[in-house]
Amino acid sequence: SAPPLGSSVIPIVNKLQDIFAQLGSQSTIELPQVAVVGSQSSGKSSVLEALVGRDFLPRGNEICTRRPLVLQLLQTKKKGDGTGEEEWGEFLHLPGKRFYDFSELRSEIQAETAKEAGGNKGVSDKQIRLKIFSPNVLDITLVDLPGITKVPVGDQPSDIEARIRTMIMSYIKKPSCLILAVTAANSDLANSDALQIAGNADPDGYRTIGIVTKLDIMDRGTDARNLLLGKVIPLRLGYVGVVNRSQEDIMLNRSIKDALAAEEKFFRSRPVYNGLADRCGVPQLAKKLNQILVQHIKAILPGLKSRISSALVSVAKEHASYGEITESRAGQGTLILNILSKYSEAFSSMVEGRNEEMSRS
Ligand code: GDP
Ligand code: MG
């Protein structure tokens, strides 16, 4: 099954955050937000759900995501006695109410969507904010956005397309936002709304990952090999192809676990995707995201180090002015700097190791 998003960086991030906590400082490692963009029904919500590994988002063949959903994953600590395994969700608009049943999260998202955006396909830019607490996630924020539509339906205003584009841009224009640009394989990639809007926000492609969904329902005789290889529209960070649950699977309540197994079987049984293993499947997407997060942490470590050393210098000065002994504090600081240096090196070799791995395959 898919590794929980960011799981391979959890131990390292945890360790660093523990150290900061001991020093009395707030967590200083802020991970980038990840937002999904694309046309309506391209499979954005399905991709996010698969990454989180839980069923809780409204999905379907009509417009389902009608308000931005800001999904904050928060890691809880398992207790020594083996408890602390439970996972729950909590909405900003319902403070203190814990949802342990994830299907109730979906109903609440739908009810809250209707409250703000009405019952007839209306769209609102007012966020729904949901926190998911779990011992198996990395502290990261994912954003599910309404898809781009062209023709107004229901209560949608005549300028619906422009409004949705503005809403999407307000999230993805931030330089710290990773963009998952989702295009269905049975549509025309050259006219992809996802790649077009991602290209506006991130023209150099440093933070855009291309995702191609619905590989299972392409026209007979066609495949996505050249697409995934970047031969149709090149993308710096490349593409990952996925197979999510179909509308029928949703109606039959097929589990994520079964869907991942089916996805794996799909790729294994199609010779055309042989040799593209690193570009196929949700687990590969999770892996790719992890690598980007590791790169990100690696890039901010030197800044963290200098912030810590200057904080230590000022603490030491303050203590000296009171004539206090600062040995223990200074000792702690040196220890932290050493650990940070060690982590920087570990990160470098980890990342370089992986790059080698990739260029060899
Ligand atoms: P969104 O509007 O982009 O968030 O798309 P959803 O995730 O709500 O999916 C829209 C519809 O497409 C749903 O009926 C999904 O079951 C279906 N769907 C999404 N991804 C795939 C896929 O990879 N294969 C198939 N067969 N159906 C998919
Ligand atoms: Mg959606």
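Each ligand, and each atom within it, is numbered from 1 in the order the structure gives. Each residue takes its place number in the sequence, starting with 1. Heavy atoms only: backbone and side chains are in, while hydrogens, waters and symmetry mates are out.
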Do [X] and [Y] get their side chains close enough for a donor-acceptor pair, meaning under 3.5 Å?
X	Y	result
T213	N244	no
S39	D193	yes
S246	D249	yes
Q110	R66	no

Check ligand 1 against [X] and write out every atom of the ligand that is under 4.0 Å from a heavy-atom position of the residue.
X	value
R245	15 (C), 16 (O), 17 (C), 18 (N), 19 (C), 21 (C), 27 (N), 28 (C)
V243	23 (O)
G43	1 (P), 3 (O), 5 (O), 6 (P), 7 (O), 9 (O), 19 (C)

Taking both backbone and side-chain atoms of [X], is any N or O found less than 3.5 Å from an N or O belonging to ligand 1?
X	answer
Q40	no
K44	yes
N244	yes

- Query: Counting heavy atoms only, which of S42, S46, A184 comes nearest to atom 6 (P) of ligand 1?
  - Reply: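 Of the listed residues, S46 has the closest heavy atom.
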
- Nearest option to atom 10 (C) of ligand 1, as decided by whichever heavy atom of A259, G60, P146 sits closest: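 Ranked by closest heavy atom to atom 10 (C) of ligand 1, first place is G60.
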
- the Mg ion (ligand 2) contact by S46, N, O or S atom under 2.8 Å: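 No - counting backbone and side chain alike, S46 has no N, O or S atom under 2.8 Å.
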
- Any N/O/S of S45 under 2.8 Å from the Mg ion (ligand 2)?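 For S45, the answer is yes, given that an N, O or S atom comes within less than 2.8 Å of the Mg ion (ligand 2).
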
For the pair [X] and [Y], find out whether any cationic side-chain nitrogen is under 4.0 Å from an anionic carboxylate oxygen.
X	Y	value
R254	D258	no
R245	D55	yes
E108	K97	no
E49	R54	no
E161	K150	yes

- Which protein heavy atom lies closest to atom 12 (O) of ligand 1, and at what distance to 0.1 Å?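 Of every protein heavy atom, K214 NZ, 3.3 Å lies nearest to atom 12 (O) of ligand 1.
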
- Query: ligand 1 versus I250, non-hydrogen atoms closer than 4.0 Å: side chain, backbone, both, neither?
  - Reply: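 The answer is the side chain of I250.
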
- Side chain, backbone, both or neither: which part of C64 comes within less than 4.0 Å of ligand 1 when only heavy atoms are counted?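 The answer is neither.
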
